[in-house]
Amino acid sequence: MVVVMMGVSGVGKTAVGRALAATLGWEFHDADALHAPEAISRMARGEPLTDAQRQPWLARVRATIADALTDGRDIVVACSALRESYREVLGANDSRVRFVFLDADPALIRDRLATRVGHFSGTALLASQLATLQPPIGVLTLDAARPVDQLVAAIRSRLLVSPNREP
């Protein structure tokens, strides 16, 4: 099984995804690590990526997901997956791929981004990410203002995910 933690930058995808993966004994993958250096530089300057610029990155994220599914590995992936078309590339039509949408008040996200250290995405990209976001329909949606442990527990109970679960 693959659980994709999705939402705008700063909502907590990585923190919740890492905690979920650790709890389950699964692998964790951060899609940000799959961006090309040019894309990271652009975003660090506060310039949003176009859909065309995102395509190679989405293909790399999809390959990570496909490899795990082929190998029978359970993984958690933190990936913004802002548009429905991006989620389709990532496997939205595959029952083995589950999306969890972390949502929060933009003021909370802005505060988190303003205090985050060591990441290329800052507050300058928040408005464009919120404008690009197409909230998913029919996926588990959680309030990212909740503590990480509560979010992990909610994901486990709502998606019926348990450690070393057979897909």
Do any N or O atoms from the side chain of Asp71 and from the backbone of Arg73 form a donor-acceptor pair under 3.5 angstrom?
-> no
Leu108 and Leu142: same hydrophobic cluster, using ILVMFWY side-chain contacts below 4.5 Å?
-> no
Within the side chain of Arg87, is there an N or O that forms a donor-acceptor pair under 3.5 Å with the backbone of Ala92?
-> no
For the side chain to side chain contact (heavy atoms under 4.5 Å, CB included) test, which of Val4, Val139, Val76, Leu159 pairs with Arg98?
-> Leu159
Please walk me through it: do Val11 and Asp103 pass side chain to side chain contact (heavy atoms under 4.5 Å, CB included)?
-> CA-CA 7 Å; Val11 79; Asp103 195 17; 5.7 Å; no
Considering only heavy atoms from C-beta outward, does the side chain of Pro136 approach that of Phe101 to under 4.5 Å?
-> yes
Taking all non-hydrogen atoms of both residues into account, name the closest pair between Ala21 and Glu27 and its distance.
-> CB-O, 3.8 Å
Under the side-chain hydrogen bond (donor to acceptor under 3.5 Å, both in side chains) rule, what do Gln53 and Thr50 come out as? Steps first, then yes or no, please.
-> CA-CA 5 Å; Gln53 292 166 327; Thr50 65; 3.2 Å; yes
For the atom pair CE (Met6) and CG (Leu133), what is the distance rounded to the nearest 0.5 Å?
-> 6.0 Å
Arg42 and Glu47: CA distance, side-chain angles, deciding distance, side chain to side chain contact (heavy atoms under 4.5 Å, CB included) verdict = CA-CA 5 Å; Arg42 181 182 178 101; Glu47 300 170 18; 3.4 Å; yes
Indicate whether the side chain of Thr14 and that of Asp30 have a donor and an acceptor atom separated by less than 3.5 Å.
-> yes
Using atom types as modelled and distance alone, determine if a side-chain donor or acceptor of Asp74 lies under 3.5 Å from a backbone N or O of Trp26.
-> no
Measure the OG-CG distance between Ser80 and Leu102 for me, rounded to the nearest 0.5 Å.
-> 12.0 Å
Looking only at heavy atoms, the pair that brings Leu90 and Ile65 closest together is O-CD1, 3.6 Å
Stepwise, does the side chain to side chain contact (heavy atoms under 4.5 Å, CB included) test hold for Phe28 with Val77?
-> CA-CA 6 Å; Phe28 173 78; Val77 179; over 6 Å; no
Enter the distance from Ile155:CD1 to Gln150:CD here, rounded to the nearest 0.5 Å.
-> 12.0 Å
Contact summary for Pro106 and Leu130, nearest pair of heavy atoms = CB-CD1, 3.9 Å
Is there a path of hydrophobic side-chain contacts, each under 4.5 Å between heavy atoms of I, L, V, M, F, W or Y residues, that connects Leu34 with Val89?
-> yes
CG (Leu82) and OG (Ser9) are apart, to the nearest 0.5 Å, by 9.5 Å
Kindly determine whether Arg156 and Leu24 satisfy side chain to side chain contact (heavy atoms under 4.5 Å, CB included), including the steps that lead there.
-> CA-CA 9 Å; Arg156 289 186 65 188; Leu24 297 170; 3.6 Å; yes
In short, Lys13 meets Val8 closest at the heavy-atom pair NZ-O, 3.0 Å
Distance only, no hydrogens: is a donor on one side chain within 3.5 Å (strictly under) of an acceptor on the other, for Gln129 and Thr132?
-> no
Would you say the side chain of Cys79 lies within less than 4.5 Å of the side chain of Trp57, judging by non-hydrogen atoms?
-> yes
Of all the heavy-atom pairs spanning Ile109 and Gly10, show the shortest one and how long it is.
-> CG2-C, 4.1 Å
Does Arg54 reach the main-chain N or O of Leu49 with its side chain, forming a donor-acceptor pair under 3.5 Å?
-> yes
Locate the shortest heavy-atom distance separating Leu140 from Ala154; write the atom from each residue and the value.
-> CD2-O, 4.3 Å
Salt bridge (Lys or Arg N to Asp or Glu O under 4.0 Å) assessment of Arg83 paired with Asp51 | CA-CA 10 Å; Arg83 292 188 190 272; Asp51 281 351; 3.4 Å; yes
CD of Gln134 to OH of Tyr86, rounded to nearest 0.5 Å, is 8.0 Å
With rounding to the nearest 0.5 Å, note down the distance linking CG in Asp149 to OG1 in Thr23.
-> 9.0 Å
